There are 2 protein chains.
Amino acid sequence: MSKTHTPETAAQDVETILKLLEGRWKLIILFHLFGGKVQRFSHLERLIPGISQKMLAQQLRQLEGDGIVLRTLYPEVPPKVEYRLTDWGQALCPVLDALLQWAEQRG
Amino acid sequence: MSKTHTPETAAQDVETILKLLEGRWKLIILFHLFGGKVQRFSHLERLIPGISQKMLAQQLRQLEGDGIVLRTLYPEVPPKVEYRLTDWGQALCPVLDALLQWAEQRG
DNA sequence: CAGTATCCCAGACGATACTG
DNA sequence: CAGTATCGTCTGGGATACTG
């Protein structure tokens with residue numbers, strides 16, 4: 001590890017990061033937004049079979065609160081909300097790719 | 001993402017990987033083994049304040065079962081058991097580093 | 001020393017219903 | 001359309017005690 005020093009602080013830092021991605025649905029939501037894709041709430045609902053409105057809303061709120069997802073509300077009737085990744089959220093893509101590469105290395 | 005194609009499969013692959021690291025104590029155990037360090041059960045217990053024997057054993061078993069940690073039992077009395085990372089487990093270090101780098105990028 | 005075995009609980013998650 | 005509210009379930013993890 002480059003800048004962190006003790007096993008404790010490094011482990012804790014990584015844990016904090018992983019918590020951002022924990023949650024039954026976050027990764028699949030993320031992957032439906034990678035590549036600059038923009039999705040409405042109802043569209044994500046249709047893209048992700050089995051998810052409830054409660055969970056979709058909750059996970060999106062958390063991703064938004066963590067600065068990974070950007071939420072845009074259009075003040076129309078009926079309401080229209082769009083979700084996309086922040087720049088930082090987009091930057092997660094190559095990192096997850098590194099994780100996949102690691103998994104492939106397994107002997 | 002390089003080789004995976006649909007958001008579903010990619011997300012699922014990453015989830016499978018992250019599950020290997022989930023668990024209240026796995027990361028801190030890992031960081032106490034990075035760099036080729038070898039530790040005995042009781043030593044890890046002392047290194048990790050607050051962990052119970054049950055949890056330490058459980059998390060080690062899972063890491064072992066997942067091929068990340070190597071367990072060596074010396075048939076002595078009293079028993080002696082050593083834990084170290086597999087090569088694959090060691091290879092996780094730079095990946096977690098990438099994760100830390102990403103976290104630092106946050107605007 | 002290096003573990004198991006039990007019991008318990010908080011919090012994550014799902015199902016369902018309701019709303020501005 | 002895009003959510004909240006409520007309730008029930010299930011499981012990861014903690015406390016404690018015991019063992020080859």
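Keep in mind that what you see is a predicted model, and the values were worked out from it rather than measured. Chain letters run A, B, ... following the sequence lines, proteins first, then strands; residues in each count from 1.
Nucleotide D/dC10 is matched to C/dG11 when pairs are restricted to Watson-Crick or G-U wobble geometry with both distances under 3.5 angstrom. C/dG20 is paired with D/dC1 under the Watson-Crick or G-U wobble criterion, all donor-acceptor distances under 3.5 Å.
A donor-acceptor pair is defined here as one N or O able to donate and one able to accept, closer than 3.5 Å; such a pair exists between the side chain of A/Q59 and the backbone of A/W25. Although no hydrogens or angles enter the test, the distance criterion places no donor-acceptor pair under 3.5 Å between the side chain of A/E15 and the main chain of B/L27. For A/W88 (side chain) and B/W102 (main-chain N/O), a donor-acceptor pair under 3.5 Å exists by modelled atom type. Using a distance-only test at 3.5 Å, with no hydrogens or angles considered, no donor-acceptor pair links the side chain of A/T86 to the main chain of A/V69.
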Atom pairs, N/O to N/O, protein against nucleotides 2-9 of chain C, distance under 3.5 Å?
unit_1	atom_1	unit_2	atom_2	d
C/dA2	OP1	B/R40	NE	2.9
C/dA2	OP1	B/R40	NH2	2.9
C/dA2	OP1	B/V81	N	3.2
C/dA2	OP2	B/S42	N	2.9
C/dA2	OP2	B/S42	OG	2.7
C/dA2	N7	B/Q53	NE2	3.4
C/dG3	OP1	B/R61	NH2	3.0
C/dG3	OP1	B/R71	NE	3.4
C/dG3	OP1	B/R71	NH2	2.6
C/dG3	OP2	B/Y83	OH	2.5
C/dG3	O3'	B/R61	NH2	3.3
C/dG3	N7	B/Q53	OE1	2.8
C/dG3	N7	B/Q53	NE2	3.2
C/dG3	O6	B/Q53	OE1	2.5
C/dT4	OP1	B/R61	NE	3.3
C/dT4	OP1	B/R61	NH2	3.0

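When rounded to the nearest whole Å, the span between CG of B/L56 and C1' of D/dG14 equals 14 Å. Rounded to a whole Å, the CE atom of B/M55 is 12 Å from the C1' atom of D/dT11. Here the C1' atom of nucleotide C/dC13 and the CD atom of A/Q62 are 12 Å apart, to the nearest Å. To the nearest angstrom, C1' of C/dA12 lies 17 Å from CG of A/L21. Rounded to whole angstrom, the span from the CD atom of A/E22 across to the C1' atom of D/dT11 amounts to 14 Å.
Position along DNA chain D of the nearest nucleotide to B/S52 versus B/Q59 favours B/Q59 as the more 5'-ward residue.
B/Y83 and B/F41 have tilted rings, their planes meeting at an angle from 30° to 60° on a 0 to 90° scale.
Between A/K26 and A/E22 there is no salt bridge, since no side-chain nitrogen of the basic residue lies less than 4.0 Å from a carboxylate oxygen of the acidic one.
In this model, the phosphate group of C/dG14 is approached by a side-chain N or O of A/R24 to a distance below 4.0 Å at OP1 or OP2. Taking only side-chain nitrogens and oxygens, A/W25 never comes nearer than 4.0 Å to OP1 or OP2 of C/dA12.
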